[in-house]
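Here's the structure, in structure tokens; my notes come after.
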Amino acid sequence: MILSVNFSGRSRMNRFNPTVPADQYLADSNVLFYLSDAVTQLLEHKEEYTQFGVIRYFAEYFSSVKNSNHVLFREFNYIQATPHNRASFIRVFWRCYRQIGKSGDLLSMLEYRSLLQLLCPDFPVMLVQSAARIAVMDDSIDCLISFSDFLYAFQLQFYYQEFLDSVLVIYQDLLAGKSPNTVIVPTSTSIEQIPSVFTEENKEEEQKQDGVEPSTLALCIDALCDRSKHSHPPRSCMREILKQTDRVSYYSFLMSLAKQETITEGGWKWRVMAPLKRLTHLKTDL
């Protein structure tokens, strides 16, 4: 599978493009973040690294970043710090455990947590639980999950964590009959223009149904994309999924999104996860 990474409409930064300000390039490429980490690592392991020469050390550090080999056994704050780090960690997870997918083994959420913590000792349990809930669409997370289903869910949850958290808040507000304040933005449809899903008369009846009105959720998500500073899946993918059902729950929406062909089969400029069915190595760029 390929998880294609969308930078919310931003064009790919090119350090040789004279129209791109230096400050903007440095901010978007996270070069200063990696330089700071490289210096910190050098100072912490000075005796080990300086014997090879400082120039060689920096060359090898940035080579490992470019090749996505830099996140193994690092702390969680580091692996989640940049989009490239998240993509790289997903790649490492897939490469280390892809034999599980090939053998067809089913594992529990606790077993997937153990696998992740072998690569990142302080990887949060909550993120693993969230991925498991997507994979089983909020049924009991104690049930066994195939590697492919977990990987579909995990890469979506981990890469787009902040955006999905905001979608969940919107979904819960709609389910409760509230007007989600996350969609009130100057450049998007105002909340007054979004059709009300609930009234006082039918609120209780609506809450008993499975999910919310897809068209309303679509409008809210579109407004969220307008204001979000975080990466999000392509709007076209989300709209297409929400057009295919009369009611939608949060986890059914995410599971459909995780397996949406535009995301899993490529088509964006950054490819994060290689197809399990082809078992080819993935490609990420710094």
Side-chain angles (χ1 to χ4, degrees), residues 1-5 29-45 48-49 57 60-102 105-136 141-142 144-165 230-231 254 258 270-274 276 281-286:
M1 74 191 62
I2 298 174
L3 172 60
S4 303
V5 180
S29 62
N30 294 295
V31 168
L32 296 182
F33 168 83
Y34 292 112
L35 183 59
S36 175
D37 181 69
V39 173
T40 299
Q41 295 297 311
L42 178 62
L43 294 177
E44 289 181 356
H45 307 279
E48 177 182 352
Y49 292 141
Y57 162 75
E60 291 184 353
Y61 176 91
F62 281 98
S63 177
S64 70
V65 171
K66 184 177 185 299
N67 295 327
S68 301
N69 299 321
H70 62 302
V71 293
L72 189 61
F73 308 130
R74 292 298 303 268
E75 63 279 5
F76 180 73
N77 285 340
Y78 179 79
I79 67 171
Q80 73 159 353
T82 71
H84 178 69
N85 283 8
R86 296 188 189 197
S88 299
F89 185 78
I90 295 169
R91 175 186 180 179
V92 168
F93 177 72
W94 173 76
R95 291 179 67 181
C96 288
Y97 303 123
R98 56 185 173 181
Q99 291 300 322
I100 297 175
K102 291 177 67 175
D105 293 338
L106 302 177
L107 303 181
S108 68
M109 184 278 295
L110 294 177
E111 289 173 316
Y112 284 114
R113 180 196 66 179
S114 297
L115 293 179
L116 286 163
Q117 290 182 341
L118 287 174
L119 306 177
C120 172
D122 64 337
F123 197 92
V125 175
M126 290 184 61
L127 275 180
V128 188
Q129 292 174 333
S130 296
R133 287 193 174 96
I134 296 174
V136 299
I141 59 174
D142 294 331
L144 300 180
I145 307 170
S146 71
F147 183 76
S148 59
D149 282 347
F150 180 81
L151 187 54
Y152 276 123
F154 171 68
Q155 61 183 13
L156 182 75
Q157 173 64 43
F158 182 50
Y159 194 87
Y160 297 116
Q161 178 186 351
E162 294 82 3
F163 181 78
L164 298 185
D165 287 347
H230 301 289
S231 300
L254 294 193
W270 277 36
R271 296 184 175 183
V272 179
M273 185 55 60
L276 283 177
H281 73 279
L282 81 164
K283 177 182 179 181
T284 58
D285 299 313
L286 177 60

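The residues of the chain are indexed from 1 along the displayed sequence. Computed from a predicted structure; not experimentally measured.
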Is any side-chain heavy atom of [X] less than 4.5 Å from a side-chain heavy atom of [Y]?
X    : Y    : answer
R86  : I79  : no
V92  : R95  : no
D165 : Q161 : yes

[X] side-chain N/O to [Y] backbone N/O, donor-acceptor pair under 3.5 Å:
X    : Y    : answer
Y112 : I145 : yes
N67  : S63  : yes
S36  : L32  : no
E48  : H45  : no
Y61  : Q41  : no
S68  : S64  : no

Over all heavy atoms of both residues, which pair between [X] and [Y] is shortest? Give the atoms and the distance, please.
X    : Y    : answer
S108 : L144 : N-CD2, 3.7 Å
P83  : N30  : CD-ND2, 4.0 Å
L106 : E111 : O-OE1, 4.4 Å
F150 : A131 : CE1-CB, 3.9 Å
C120 : F89  : CB-CE1, 3.9 Å
Y57  : A38  : OH-O, 2.6 Å

field: CA sep, side-chain torsions, deciding dist, call: L115, L107, side-chain contact (heavy atoms from CB on, under 4.5 Å)
entry: CA-CA 10 Å; L115 293 179; L107 303 181; 3.8 Å; yes
query: Can R98 be said to sit on top of W94's aromatic six-ring, NZ or CZ under 6.0 Å from centre and within 45° of the ring axis?
result: yes
message: Taking the six-membered ring of Y78 as reference, does the cationic atom of R74 (NZ for Lys, CZ for Arg) lie under 6.0 Å from its centre and within 45° of its axis?
response: yes
query: Rounded to the nearest 0.5 Å, what separation is found between the CZ atom of F163 and the OG atom of S231?
result: 10.0 Å
field: Spatial distance of atom OG (S130) from atom CE (M126) [nearest 0.5 Å]
entry: 6.0 Å
message: Does F154 form a ring-ring contact (aromatic ring centres under 6.0 Å, His included) with F93? I'd like the steps, not just the answer.
response: CA-CA 10 Å; F154 171 68; F93 177 72; 5.4 Å; yes
message: Ring centroids only, cut at 6.0 angstrom: are Y97 and F147 within range, meaning strictly under it?
response: no
- prompt: Is the gap between the ring centers of F158 and F123 under 6.0 Å?
  reply: yes
- prompt: Does the pair E60/K66 count as a salt bridge with the N-to-O cut at 4.0 Å?
  reply: no
query: Do D37 and H70 have a side chain donor and acceptor closer than 3.5 Å?
result: no
message: Could you tell me if T82 and N85 have a donor-acceptor pair between their side chains, going purely by distance under 3.5 Å?
response: yes
